[in-house]
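One structure is given here, and the rest of the page talks about it.
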Amino acid sequence: MSAGPERVDLHTHSIRSDGVLEPGALVRRAAGKGVTTMALADHDTLSGVPEAAAEGERLGVRVIAATELNTESAWGDVHVLGYFLDPLDRALEARLAWLRERRERRIEEMVERLNAHGHPVSLARVREIARGGALGRPHLAQALLEAGHVPTFDAAFETLIAKGAPAYVPRVGLDPAEAVELVRSHGGAAALAHPGTARDLDALLPMLVAAGLAGIECHYPEHTAEQRAHYLGLAARHDLVPTGGSDFHGRGEHGAEVGTVDVPRECVRALEVRRALG
Ligand code: AMP
Ligand code: ZN
Ligand code: FE
Ligand code: FE
């Protein structure tokens, strides 16, 4: 387990998706917490990577280009982290642009439903909050809070925009294996994020391993010691690299402060080896 000053965080979000900090500010904050290697894993975009990498170079922080692909299906919420991707890969960017387009349509539809159900929010305000970042429910939660429809940011996720609520619109796009294949086919290493939100891992993991999964996020703020041990066992059984990160967004109680989850340094090299093996 890493201790002391050199910390690793392989799961962070900036304003380029549903986090709050600019990519450079996120890296400065991480550096202040002793982070020396981090992944910027904004949802469906690599647009923050150049700024984050430049700030990382200045501060001695290695920034790994990453993205988090959220899927929702009979497997539950399967989120796939893709590491070591290339922000200049045009074919990859075309796929990510398509996913961001799906995000826009989904949030627009949720805004329409909220309006129809007596909780009016304006799409324009939601877009203002996102400031050009890939749209997601957190922006909607912020707008609902501002409009006084919920008492707290987190309450929005538990009520008006919770899965199954009248205004909730399910995500459509990639299925879990397609998300893994997308990462791998563009030269990245894929890891299953926060495996606790997925269903039936005994069947899901072999399928994702067959699609090229390289890692599984064992070290995560919401995991109990028992869960961590369980996922470390699954990593060993399926020959996956145990990864980890804070899922820092900077708003609400979801995730943790950047750099505060103990992530073993050796997982970075192990992921690089997997990537090299294809
Ligand atoms: P979406 O992908 O648009 O459905 O929204 C899910 C995003 O919101 C993910 O990035 C989560 O990290 C974040 N999220 C999920 N639940 C919560 C919560 N209770 N509070 C804050 N953020 C959340
Ligand atoms: Zn997020
Ligand atoms: Fe996630
Ligand atoms: Fe995340």
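Since the structure is predicted, the reported quantities are computational estimates derived from the model, not experimental observations. Ligands are counted one by one from 1 in listed order, and the atoms in each one are counted from 1 as well.
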Check your understanding: Of all the N, O or S atoms in E68, which one sits nearest to the Fe ion (ligand 4)?
Key -> OE1
**Study point:** Salt bridge flag under 4.0 Å for residues E108 and R113
**Key:** no
Review point. Any N/O/S atom, backbone or side chain, of D77 lying under 2.8 Å from the Fe ion (ligand 3)?
Key: no
Practice item. Please confirm if an N, O or S atom belonging to H254, backbone or side chain, lies less than 2.8 Å from the Zn ion (ligand 2). Key: no
Revision key, fill the gap. Here the vertex angle at the Zn ion (ligand 2) for NE2 of H249 and OD1 of D18, given to 10°, is 80°
Check your understanding: In H79, the N, O or S atom nearest to the Fe ion (ligand 3) is which?
Key -> ND1
Review point. Can you tell me the angle formed at the Fe ion (ligand 4) by NE2 of H11 and NE2 of H13, to 10°?
Key: 100°
Exercise for review: Using the salt bridge (charged side-chain N to carboxylate O under 4.0 Å, His left out) rule, take R95 and E178 through it: C-alpha gap first, then chi angles, then the decisive distance, then the call.
Suggested key: CA-CA 12 Å; R95 299 296 304 280; E178 286 171 336; over 6 Å; no
Review point. Under 3.5 Å, is there a donor-acceptor pair linking the side chains of E68 and H79?
Key: yes
**Study point:** salt_bridge(R274, D239) N-O dist < 4.0 Å
**Key:** yes
Exercise for review: Have a look at D247 and say which of its N, O or S atoms is nearest the Fe ion (ligand 4).
Suggested key: OD1
Exercise for review: Give the atom name of whichever N/O/S atom in H194 sits closest to the Fe ion (ligand 3).
Suggested key: NE2
